[in-house]
Amino acid sequence: MVQLISRAADELTTCLSTRSLNLYNMVQNDSHFTKKRSLYLMAKTGISPTRQEDYPAWYQQVVRAADLAENSPVRGCMVIKPWGYGIWENMQKVLDKMFKDTGHENAYFPLFIPKSFLEKEAEHVEGFAKECAVVTHHRLEPGPDGGLVPAGELEEPLIVRPTSETIIGHMFAKWIGSYRDLPLKINQWCNVVRWEMRVRLFLRTAEFLWQEGHTAHETKEEALEETRTMLDVYAQFAEEYMAMPVVRGEKTESERFPGADMTLSIEAMMQDRKALQSGTSHFLGQNFSKAQEIKFQNKDGGESFAWTTSWGLSTRMVGALIMTHSDDDGLVLPPRLAPKHVVICPVIRKDEERVTVMEYCESLKAEIAEVIYDGKPVEVFIDDSDKRGGEKKWYHIKRGVPIRVEAGPRDIQSNSVFVGRRDQPKSTGIDRSEFVATLVETLDDMQKSLYERALKLRTDNTHSFESFEDFSAFFTPKNAKNPELHGGFAECYFVDCPETDEMLKPLKVTPRCIPFSETEHPEGTCIFTGKPTRVRGVFSKSY
RNA sequence: CGGGGUGUAGCGCAGUCUGGCUAGCGCACCUGGUUUGGGACCAGGGGGUCGAAGGUUCGAAUCCUUUCACCCCGACCA
């Protein structure tokens with residue numbers, strides 16, 4: 001796949017440069033354009049192929065160009081590089097605060113889970129067994145061929161956690177004795193392993209980083225409320241920080257978390273109009289508490305099983321961020337999650353200018369660093385690497401730094417700066433003090449406009465359907481050669497049953513969720529089975 | 001697990017069919033120079049024993065055998 005993509009990318013590069021050349025010649029011959037060369041350069045994109053040309057290849061290229069992550073020697077596992085990890089760290093900071101504000105505490109549980117623990121909840125086993133990594137030995141000894149061979153076989157194999165319900169449940173059982181111990185609301189930040197065959201950086205890897213919240217409650221109502229609250233936290237995080245609009249809703253039976261009574265999720269539309277499940281919150285009922293004996297003495301002196309929930313959000317969100325905002329020039333970051341907000345590029349042409357220009361930049365940096373954005377000082381840095389002007393600029397464009405500032409002798413003379421916003425194509429000269437004074441406003445505006453742009457994409461590509469025929473046409477690629485960009489979100493009446501799932505299969509479409517609705521829908525007809533129903537769902541292709 | 005494909009420099013590839021100069025090319029990297037407000041140019045340079053093992057041969061990246069790894073499609077999973 002990688003080989004194919006890179007081959008395709010190479011071919012595209014060749015054909016792109018031919019196209020650019022033609023464009024250049026065209027422009028050369030057109031007297032209307034005075035700035036021929038700059039127009040020619042504008043036709044070039046930072047990333048090739050473009051989203052339109054080949055979306056999956058574009059995604060890979062953005063990750064690579066922005067230096068976010070790369071494949072590792074370990075099959076299916078990625079290396080997250082500093083710029084990518086910086087985004088994740090910011091996500092963690094925001095979410096961690098939100099969790100604590102809603103009454104949760106962090107703790108840490110083991111990476112390994114005894115096999116017997118996983119076997120306790122039947123549906124849970126079925127859901128995860130095939131993708132578990134198993135540790136069977138604990139010691140290495142020199143082998144006959146000079147290599148090392150595992151020696152000590154474990155009495156009971158250990159599973160590398162695919163999720164921690166079982167081990168955390170086991171501990172909960174010990175910690176909970178009375179209704180006074182409830183609710184118990186715990187979160188952990190950790191890595192998990194799910195042995196996937198297909199891998200895409202951030203979106204699907206064998207090992208990934210996430211947080212998993214686990215709570216136990218006295219009553220069903222309380223646990224249900226927790227499930228909804230945490231979904232709201234995720235939705236708020238997605239919309240306010242990631243600038244990514246999401247649909248909140250309930251999963252259908254077939255998409256439900258193994259072992260859960262109800263799974264809620266937030267679903268976002270990527271720029272290829274496929275859905276990405278971006279965070280899930282599960283109501284586990286008493287399934288896990290019965291399997292693991294999480295019981296307590298209730299107010300009446302009797303014994304009750306606790307009601308539990310779990311909820312998680314992973315580094316997949318970094319992938320969501322990339323696919324929601326980035327363009328054909330590379331990564332675009334919403335300011336509230338950007339590891340750096342402003343890069344200052346000194347423009348030095350002659351050596352004797354160096355001192356003056358650097359002083360100007362240093363003082364500008366100090367001034368910017370005093371500005372408070374979103375409760376913290378603005379993150380600003382100077383790029384004084386000896387790259388050439390254009391190359392340096394493109395470097396930061398591709399990495400998605402929200403604001404680029406160029407400062408050279410000409411700007412110093414007019415006490416101004418030359419500023420480019422990552423979400424807008426043009427750079428402009430602006431008075432230095434005005435730039436600093438309006439910086440927060442600019443970042444806020446950027447955050448807002450990214451959200452609006454993403455919302456517009458989703459609105460424009462969400463349609464309601466009355467018949468399976470129209471529904472089916474919506475999801476049939478118009479262009480077989482480029483099947484990636486088509487379709488979107490489809491809303492319709494449906495009945496959650498095996499017949500529906502069967503009809504969706506050939507279209508490669510899945511029910512994303514049953515969106516929450518303030519009011520009950522009037523009775524309608526399931527477009528798949530023809531049965532009467534009041535349930536409306538959102539359907540789409542998904543990651 | 002079934003079908004197909006690929007292993008040659010950090011990355012991407014040519015060379016293999018038809019064995020033969022010192023194993024090439026692009027990008028990246030290093031040095032020097034000229035440049036520098038939108039992705040520079042010129043010159044020079046470093047780096048590979050051709051996935052691994054065995055065989056055929058005067059001679060193997062190239063032919064034969066075995067083996068390993070990876071990739072794609074399907075299945076499976078989300």
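A, B, ... follow the sequence lines: proteins, then strands. Residue 1 opens every chain.
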Between [N] atom [atom2] and [X] atom [atom1], what is the distance in whole Å?
{"X": "Gln413(A)", "N": "rG37(B)", "atom1": "CD", "atom2": "P", "result": "17 Å"}
{"X": "Glu391(A)", "N": "rA40(B)", "atom1": "CD", "atom2": "C1'", "result": "9 Å"}
{"X": "Arg204(A)", "N": "rC76(B)", "atom1": "CZ", "atom2": "C1'", "result": "12 Å"}
{"X": "Arg404(A)", "N": "rG37(B)", "atom1": "CZ", "atom2": "P", "result": "16 Å"}
{"X": "Asp386(A)", "N": "rC29(B)", "atom1": "CG", "atom2": "C1'", "result": "14 Å"}
{"X": "Arg194(A)", "N": "rA78(B)", "atom1": "CZ", "atom2": "P", "result": "10 Å"}
{"X": "Lys541(A)", "N": "rC77(B)", "atom1": "NZ", "atom2": "P", "result": "19 Å"}
{"X": "Glu253(A)", "N": "rA78(B)", "atom1": "CD", "atom2": "P", "result": "14 Å"}

Any base atoms under 4.0 Å from [X], or only sugar-phosphate, or nothing? Heavy atoms, all strands.
{"X": "Lys251(A)", "value": "nothing"}
{"X": "Thr510(A)", "value": "nothing"}
{"X": "Gly408(A)", "value": "base"}
{"X": "Phe418(A)", "value": "base"}

Quiz prompt | Who pairs with rG74(B) - Watson-Crick or G-U, where each distance is under 3.5 Å | solution =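 rG74(B) is paired with rC1(B).
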Quiz item: Does rC13(B) pair with anything, Watson-Crick or G-U wobble, both distances under 3.5 Å, and if so, with which nucleotide?
Solution: rG24(B)
Practice problem: Give a yes/no verdict on a cation-pi contact between Lys365(A) and Phe381(A), requiring under 6.0 Å between NZ or CZ and the six-membered ring centre and an angle within 45° of the axis. | Solution: no
Quiz item: So, is the end of the Lys120(A) side chain (NZ or CZ) under 6.0 Å from the ring centre of Phe117(A) and within 45° of the ring's axis?
Solution: yes
Between [N] and [M], how many Å separate the two [atom1] atoms, rounded to a whole number?
{"N": "rC64(B)", "M": "rU16(B)", "atom1": "P", "value": "14 Å"}
{"N": "rU8(B)", "M": "rG44(B)", "atom1": "P", "value": "29 Å"}
{"N": "rA9(B)", "M": "rC50(B)", "atom1": "P", "value": "10 Å"}
{"N": "rG20(B)", "M": "rU62(B)", "atom1": "C1'", "value": "11 Å"}
{"N": "rG10(B)", "M": "rU6(B)", "atom1": "P", "value": "22 Å"}
{"N": "rC11(B)", "M": "rU66(B)", "atom1": "P", "value": "30 Å"}

[X] side chain: which of [options] is closest?
{"X": "Lys508(A)", "options": "rG74(B), rG39(B), rG37(B)", "result": "rG74(B)"}
{"X": "Asp411(A)", "options": "rC11(B), rG37(B), rA78(B)", "result": "rG37(B)"}
{"X": "Arg349(A)", "options": "rU36(B), rC11(B), rG39(B)", "result": "rU36(B)"}

Exercise. For the residue pair Leu264(A) and Phe516(A), establish whether any side-chain heavy-atom pair is separated by less than 4.5 Å.
Key: yes
Quiz item: Can you say whether the rings of Tyr55(A) and Trp58(A) are parallel (under 30°), tilted (30 to 60°) or perpendicular (over 60°)?
Solution: tilted
Practice problem: For the pair Phe471(A) and Phe528(A), name the ring-plane relationship: parallel under 30°, tilted 30 to 60°, perpendicular over 60°. | Solution: perpendicular
Quiz item: rA40(B) phosphate, OP1 or OP2: any side-chain N/O from Arg388(A) under 4.0 angstrom?
Solution: yes
Quiz item: Is a side-chain donor-acceptor pair under 3.5 Å present for Thr510(A) with Arg512(A)?
Solution: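 Yes - a donor-acceptor pair under 3.5 Å links their side chains.
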